[in-house]
Amino acid sequence: MCWARALHHELTSESFASLCAFVESERLHHAVFPPEASVFAALTATPLSSVRWVLLGQDPYHGEGQANGLCFSVPRDVAIPPSLRNILKELRSDLGVTIPTHGDLSSWAQRGALLLNTVLTVRQGSAASHAKRGWERLTDAAISAVSAQARPVVFVLWGKPAEAKLSLIDKSRHRVVIRAHPSPLSASRGFLGTRPFSELQEALQQLGQPPFDFSLPP
């Protein structure tokens, strides 16, 4: 099954039509991120049948040029935000992965990592400004669609908002990796030094899958 079929009910609902009207109005009066062409980048970059693991973010970065439609990721020419800097720091410490000077995680998405924010748009300079407008219904449906797939995957939940999605996951078939959020406010209280990437690799192995390639091109 593809994303279009899995999400058809939500994409054709009155709720989604209302959400689209809201986002369109926001774009008329404010800068809204990511650009319209990148709103569904997480779904287009990682087909439903290709998902090996899922990383849940909250809403897109709200600074100019930062959001590219993949959670925690930024375009190559944009400075690496603090949360992503901590993610890459832990990745290097945990698995010894060489870290490039950019924060573009699109190569992960192409290899089967669904990098999904639970809210897909945001007004410039106003975090969570598009929360509770309807995006959550669509992204909850996406999480449920992955959970319903025959092939088990690993769900990576960093922080309480992501952990709140546990009820959408069939934990009898899938693996879940839970940690504190990697933001500077919480990274030292349950993220840095906890080796979440090693646990993810171990979970994939338990599911009979090869290790994930976390390398990032220079």
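Residue numbers count from 1 along this sequence.
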Under a plain distance cut-off of 3.5 Å, with no hydrogens placed, do [Y] and [X] share a side-chain donor-acceptor pair?
| X | Y | value |
| --- | --- | --- |
| S126 | R123 | no |
| Q124 | H30 | no |
| S186 | H181 | no |
| T121 | W135 | yes |

Practice problem: May I ask you to decide if the ring planes of F40 and F16 are parallel, tilted or perpendicular, using 30° and 60° as cut-offs? | Solution: tilted
Exercise. Determine, stepwise, if the pair S144 / L168 fulfils side-chain contact (heavy atoms from CB on, under 4.5 Å).
Key: CA-CA 6 Å; S144 296; L168 302 173; 3.8 Å; yes
Quiz item: Which residue pairs pass the side-chain hydrogen bond (donor to acceptor under 3.5 Å, both in side chains) test with at least one member in residues 59-71, sequence neighbours excluded?
Solution: N68-S73
Quiz item: So which heavy atom on F33 is nearest to which on A67, and how close?
Solution: CB-CB, 4.0 Å
Practice problem: Identify the heavy atoms of A42 and L70 that sit nearest to each other, and give their distance. | Solution: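 Taking A42 first and L70 second, the nearest heavy atoms are CA-CD2, 3.6 Å.
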Euclidean distance, [Y] [atom2] relative to [X] [atom1], rounded to 0.5 Å:
| X | Y | atom1 | atom2 | result |
| --- | --- | --- | --- | --- |
| K160 | K165 | NZ | NZ | 15.0 Å |
| E90 | L192 | CD | CG | 6.0 Å |
| L105 | F72 | CG | CZ | 9.5 Å |

Exercise. For the pair S183 and N86, evaluate side-chain contact (heavy atoms from CB on, under 4.5 Å) and give the outcome as yes or no after the intermediate values.
Key: CA-CA 7 Å; S183 76; N86 283 334; over 6 Å; no
Quiz prompt | H130 and its side chain to side chain contact (heavy atoms under 4.5 Å, CB included) partner, picked from L120, V32, L19 | solution = V32
Practice problem: Indicate yes or no for a side-chain donor-acceptor contact from R173 to the backbone of S147 under 3.5 Å, with no hydrogens or angles considered. | Solution: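 Side chain of R173 to backbone of S147, a donor-acceptor pair under 3.5 Å: yes, one is there.
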Exercise. Show your reasoning for whether side-chain contact (heavy atoms from CB on, under 4.5 Å) applies to L216 and W108.
Key: CA-CA 8 Å; L216 292 167; W108 291 3; 3.4 Å; yes
Quiz prompt | Side chain proximity check, V153 to Q149, heavy atoms < 4.5 angstrom | solution = no
Quiz item: Are R137 and D140 within salt-bridge range, i.e. N to O under 4.0 Å?
Solution: no
Quiz item: Hey, is E199 close enough to R179 for a salt bridge, meaning N to O under 4.0 Å?
Solution: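 Yes, this pair counts.
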Quiz item: Taking only residues at least two apart or on different chains, which pairs with a member in residues 74-101 satisfy ring pair (Phe, Tyr, Trp, His ring centres under 6.0 Å)?
Solution: none
